[in-house]
Amino acid sequence: PKFSEGFLRMDSRIGDAAHIDYDEANPIILPSISSKNEHSLTIMKIQSIHNHSLHVGPWTTLSLVRQNFWIMKGYASIRNALANCNICGKFKRKPFSQKMAKLPSQRIDKDATVFQHIGCDLAGPLYCWFSKKVKTEVKVYFLIFSCSVSRNIHLELLEECDTHSFLNAFRSFCGQVGTPLTVNSDNGGIFKKGNKELQNLWKNIDPKMIQERVLSDKIRWSFNTPLMPNAGGHFERLISNVKTLIKKNCGRRNLTHNQ
């Protein structure tokens, strides 16, 4: 640097070039901008050049600034100065993201046993042969029971998508792992925009019969809000994992009902 015309300037090797302006060859040195040091003159120069150049990016702004000024820690100073530009902020700032809610009490019950708090959902249809001898393609569904605390899963196969098949699968689940304390499931609203098969999954199940069955065992059954799949995310995600594993291992092969 050198002191010239009352300013501290950068000394340049192209200072003797006749076709280059003196201020461009020997730019004036300006202090840097940081959170602790906000030099008003540097900020005004950067903002003025940025506005006259139609709000270009920081690298282009830095190139234009250096035609007459040399700012210490140039790129960082440009970023700090342009952080308060309202016009650029309208296009670059991200919208406010929703804060995640607290987990329900049954998801974090440390004293709960496996499958004491569960979520269940129907998935399908799957296609299989009735038997090896009778190769008639039949449609089946599977019911997933997911532990809300440990996320263990239990699968039950349903031959029909109706209330009695569902209750039989639920009795089979209770006979193998025990009766749950709380059950959380969909109420059919999230399937309205799905395909025709998914629309009929929970529509054919009578919630009154389910309530009569579960009240006898003192089971607290709660249904999610319609069109709110995130409320049952802990078992919805596991259904996707199960379907992926079935496709990877079975491919396009048709298994028998027993398999």
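Sequential numbering from 1 along the given sequence is applied to the chain's residues. From a predicted model like this one, the values you see are computed outputs, not experimental measurements.
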hydrophobic_cluster_shared for Val149 and Val177, side chain cutoff 4.5 Å: no

Under 3.5 Å: donor-acceptor pair, side chain of Thr60, backbone of Val56: no

Step-by-step side chain to side chain contact (heavy atoms under 4.5 Å, CB included) determination, Ile144 to His154: CA-CA 6 Å; Ile144 183 172; His154 178 88; over 6 Å; no

Within-4.5 Å side-chain heavy-atom neighbours: Leu143 and Leu155: no

Common cluster, Tyr141/Val183, ILVMFWY with side-chain heavy-atom separation under 4.5 Å: yes

Under 3.5 Å: donor-acceptor pair, side chain of Asn152, backbone of Cys147: no

Residue pair Ser172 / Gln176, side-chain heavy-atom distance below 4.5 Å: yes

Gap separating the CE atom of Met10 from the CZ atom of Phe69, nearest 0.5 angstrom: 14.5 Å

Over all atoms of both residues, closest heavy-atom pair of Ile33 and Ser77: N-OG, 3.0 Å

Beyond-backbone contact of Ile78 with Val65, side-chain heavy atoms, under 4.5 angstrom: yes

Heavy-atom side-chain contact between Asn68 and Pro27 under 4.5 Å: no

SG-CD1 distance between Cys120 and Ile153, expressed to the nearest 0.5 angstrom: 13.5 Å

Separation between CD1 of Ile28 and CG of Leu41, rounded to the nearest 0.5 Å: 9.0 Å

Any donor-acceptor N/O pair, Ser53 side chain to Ile49 backbone, under 3.5 Å: yes

Within 6.0 Å of CZ in Arg79, more than 12 heavy atoms from elsewhere: no

Minimum side-chain heavy-atom gap Ile71-Thr42 below 4.5 Å: yes

Any pair counted as ring pair (Phe, Tyr, Trp, His ring centres under 6.0 Å), so long as it reaches residues 85-121, sequence neighbours left out: Phe115-Phe173

Worked verdict on Thr182 versus Ile118 for side chain to side chain contact (heavy atoms under 4.5 Å, CB included): CA-CA 6 Å; Thr182 62; Ile118 66 171; over 6 Å; no

Any side-chain heavy-atom pair of Glu156 and Phe142 under 4.5 Å: no

Single-linkage hydrophobic cluster Ile87~Leu82, side-chain heavy atoms < 4.5 angstrom: no

Inter- and intrachain pairs under ring pair (Phe, Tyr, Trp, His ring centres under 6.0 Å), touching residues 43-63, at least two apart: His50-His55, Trp59-Tyr75

Phe170 vs Pro180 side-chain heavy atoms within contact, under 4.5 Å: yes

Check: Leu158 and Val140 side chains under 4.5 Å, non-hydrogen atoms: no

Pairwise distance CG(Asn84) to CD1(Ile43) - rounded to 0.5 angstrom: 7.5 Å

Atom pair NZ (Lys102) and CD1 (Ile108), whose distance is rounded to the nearest 0.5 Å: 9.0 Å

Distance in Å, Asn51 CG paired with Cys85 SG, rounded so as to fall on 0.5 Å steps: 6.0 Å

